There are 2 protein chains.
Amino acid sequence: MEMTQPLASFDPHVIERPLTTVDVVIFTVLEQRLHVLLVLRPDTPEEPFKGMRALPGGFVDMQKDDDLEGCARRKLQQKTGVRSPYLEQVGSWGGIKRDPRGWSATHVYFALLPATESPEDGTPSSDAKWFPIENQRVSVKLAFDHAKLLEAAIQRLRNKVEYTSLPAYLLPEEFTLSDLQHMYEVVLERSIEKSAFRTRVFAANLVEPIDKVRAGPNRPAQLYRLSQPKEIVYFPRTFSPRKI
Amino acid sequence: MEMTQPLASFDPHVIERPLTTVDVVIFTVLEQRLHVLLVLRPDTPEEPFKGMRALPGGFVDMQKDDDLEGCARRKLQQKTGVRSPYLEQVGSWGGIKRDPRGWSATHVYFALLPATESPEDGTPSSDAKWFPIENQRVSVKLAFDHAKLLEAAIQRLRNKVEYTSLPAYLLPEEFTLSDLQHMYEVVLERSIEKSAFRTRVFAANLVEPIDKVRAGPNRPAQLYRLSQPKEIVYFPRTFSPRKI
DNA sequence: CTAAGTTAGTTGCACAGTATCACTAATTGA
DNA sequence: TCAATTAGTGATACTGTGCAACTAACTTAG
């Protein structure tokens with residue numbers, strides 16, 4: 001670690017430090033569409049982007065937060081009440097231009113919530129609302145560089161959905177294969193072949209059947225749960241030798 | 001953005017801010033092995049982890065650095081002299097425990113250098129040295145949580161190599177297909193089928209032939225360059241419909 | 001000049017996974 | 001009882017890769 005002024009390297013307390021925040025992109029699927037939770041910026045004259053929509057987030061609290069992920073979980077619980085959804089870091093963005101109050105760095109996470117757990121239409125913290133995502137964007141204008149952050153999160157989600165079990169985290173514990181396929185289709189915004197999907201899901205050992213079916217006005221569907229609830233499953237990739 | 005003390009939300013200058021650093025994991029391939037550039041921690045009593053090896057990096061300079069990536073490029077050039085190699089963010093790690101001087105957040109990037117551009121065996125800044133990577137690790141003990149950061153960078157690299165053109169950035173502008181295949185094999189630490197590799201590379205339109213061959217003690221090899229030198233190419237994934 | 005050695009590059013076939021599509025199964029409600 | 005609807009299966013074609021044997025083009029040793 002090199003420093004311009006020698007002093008700085010001796011006493012890190014005098015080093016200028018950026019404003020440090022965490023923002024969380026919270027996804028859920030409502031009404032056949034991917035939605036993201038957005039909050040209202042406070043409407044005080046001191047706050048930048050007052051009254052606009054923004055990603056839930058805020059300054060790291062060096063007393064409360066042991067680490068960045070803890071900070072993200074805290075903000076997530078404040079806004080949704082949900083404790084342990086799927087949470088993954090997207091990356092960090094920092095620079096002089098992104099916040100009028102000065103050099104700042106934000107750490108972006110995305111979370112996946114089952115619609116059943118996502119605060120019922122309205123939300124616990126009243127300033128938060130679900131917005132549908134249409135071609136990588138949301139219809140309202142966002143504060144700071146949050147449009148860019150949101151786009152990156154969507155990109156990451158879409159990308160990863162192609163070869164992982166991520167969409168399963170958008171469902172409650174018990175679900176049918178059609179439910180699961182539907183989540184893939186909603187996130188990827190394209191239809192998937194039923195037969196290929198099923199063989200793939202079984203081959204990856206993604207789910208296991210439970211002793212229940214879902215009844216309805218037509219043929220009942222077998223219910224499943226995740227085989228490894230805590231781990232995401234990767235579908236086979238390429239460049240893999242046939243013999244192990 | 002919510003605050004504990006109302007004051008804080010009005011004057012961000014009084015908000016406690018973490019120490020903010022950028023660390024760069026610089027990869028190259030030397031002698032058939034993946035190597036990473038490590039520097040020596042200064043040997044002054046004021047610095048933590050004195051005399052140990054660490055990833056090149058250091059505090060963000062809010063005067064010099066417009067943004068995090070700029071900071072990473074600056075540090076990269078200081079240590080290697082190289083201006084525009086492949087550079088990608090791995091993620092950020094922040095918390096109370098990772099630096100004895102207090103709450104800190106680091107932003108980790110990885111860079112890929114052609115062996116030809118990587119400072120000749122020795123290095124410009126004399127405290128930096130190349131270390132070979134053996135099963136996700138380096139043989140020396142690293143300062144801070146840099147072992148973890150390095151592992152994450154290696155993981156990301158390995159993962160992405162499976163389905164992208166990344167290893168091409170470990171080669172000079174002109175290379176043979178055998179060179180390219182060799183880079184894949186070194187990074188993935190396994191051999192790849194020549195024929196399948198070639199059809200894959202051509203199908204993805206990764207390279208284009210130039211009007212030169214490399215002579216040698218045996219059959220001369222066609223030289224190629226990247227088709228899209230500025231973009232990484234993704235190999236086809238799954239869940240893709242056959243008809244477009 | 002030729003044969004051996006070496007690396008570059010091609011070809012053909014086997015095999016696995018998935019796309020596509022047509023089919024069967026199980027329920028409700030008219 | 002039949003139409004409608006969704007669940008689930010099966011058969012086949014296609015595509016990309018694994019694998020192995022082949023041909024090609026050069027250098028060097030004799």
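What you see is a predicted model, and the numbers here were worked out from it, not measured in a lab.
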Partners of Arg219(A) by salt bridge (charged side-chain N to carboxylate O under 4.0 Å, His left out), sequence neighbours excluded?
-> none

Integer-rounded Å distance: dA8(C) C1' and Leu180(B) CG = 15 Å

Identify all pairs in which a protein N or O lies below 3.5 Å from an N or O of nucleotides 9-12 of chain C, and state each distance.
{"residue": "dG9(C)", "atom": "OP1", "partner": "Gln222(B)", "partner atom": "N", "Å": "2.7"}
{"residue": "dG9(C)", "atom": "OP2", "partner": "Arg198(B)", "partner atom": "NH2", "Å": "3.0"}
{"residue": "dG9(C)", "atom": "O5'", "partner": "Arg198(B)", "partner atom": "NH2", "Å": "3.0"}
{"residue": "dG9(C)", "atom": "N7", "partner": "Lys194(B)", "partner atom": "NZ", "Å": "2.5"}
{"residue": "dG9(C)", "atom": "O6", "partner": "Lys194(B)", "partner atom": "NZ", "Å": "3.0"}
{"residue": "dT11(C)", "atom": "O4", "partner": "Ser195(B)", "partner atom": "OG", "Å": "3.0"}

Could you tell me the separation between the OH atom of Tyr184(A) and the P atom of dA19(C), rounded to a whole number of Å?
-> 13 Å

Name all pairs fulfilling the salt bridge (charged side-chain N to carboxylate O under 4.0 Å, His left out) condition that reach into residues 85-95 of chain A, sequence neighbours left out, sorted by first residue then second.
-> Glu88(A)-Arg156(A), Glu88(A)-Lys160(A)

Phe197(B) has an atom CZ; how far is it from atom P of dG16(D), in whole Å?
-> 17 Å

When the distance from CD1 of Ile192(B) to P of dG18(D) is rounded to whole Å, what number comes out?
-> 9 Å

Quickly work out the Tyr234(A) OH to dG17(C) C1' distance and round it to whole Å.
-> 21 Å

Can you list the residues that meet the ring pair (Phe, Tyr, Trp, His ring centres under 6.0 Å) rule with Tyr169(A), with sequence neighbours excluded?
-> Tyr86(A)

By side chain to side chain contact (heavy atoms under 4.5 Å, CB included) - contacts of Ala168(B) (at least two apart) | Leu180(B), Leu226(B)

Applying salt bridge (charged side-chain N to carboxylate O under 4.0 Å, His left out) to Glu185(B) and not counting sequence neighbours gives none

Side-chain H-bond candidate by donor/acceptor type, Arg158(B) with Gln136(B), under 3.5 Å | yes

Report the distance from atom NE2 of His182(B) to atom P of dT7(C), rounded to the nearest whole Å.
-> 12 Å

Residues at least two apart in sequence or cross-chain that pass side chain to side chain contact (heavy atoms under 4.5 Å, CB included) with Arg33(B), listed by chain then number, are His35(B), Pro132(B), Glu134(B)

Presence of salt bridge, Arg214(B) and Glu174(B), under 4.0 angstrom | no

Could you give all pairs that pass the side chain to side chain donor-acceptor pair (under 3.5 Å) test and reach residues 223-233 of chain A, with sequence neighbours left out?
-> Glu208(A)-Arg225(A)

What residues, two or more places apart in sequence or in another chain, satisfy salt bridge (charged side-chain N to carboxylate O under 4.0 Å, His left out) together with Glu173(A)?
-> none

Nucleic acid contacts - residues 166-174 of chain A versus DNA chain C, non-hydrogen atoms under 4.0 Å | none

Whole angstrom value for the distance that separates P of dA8(C) from CD of Gln181(B) = 9 Å

Give me the distances for all protein-to-nucleotides 27-30 of chain D N/O pairs that come in under 3.5 Å?
{"residue": "dT27(D)", "atom": "O4'", "partner": "Pro217(B)", "partner atom": "O", "Å": "2.8"}

How long is the line joining CD of Glu193(B) and C1' of dT17(D), in whole Å?
-> 9 Å

Salt bridge (charged side-chain N to carboxylate O under 4.0 Å, His left out) involving Arg73(B) - partner list, sequence neighbours excluded = Glu69(B)

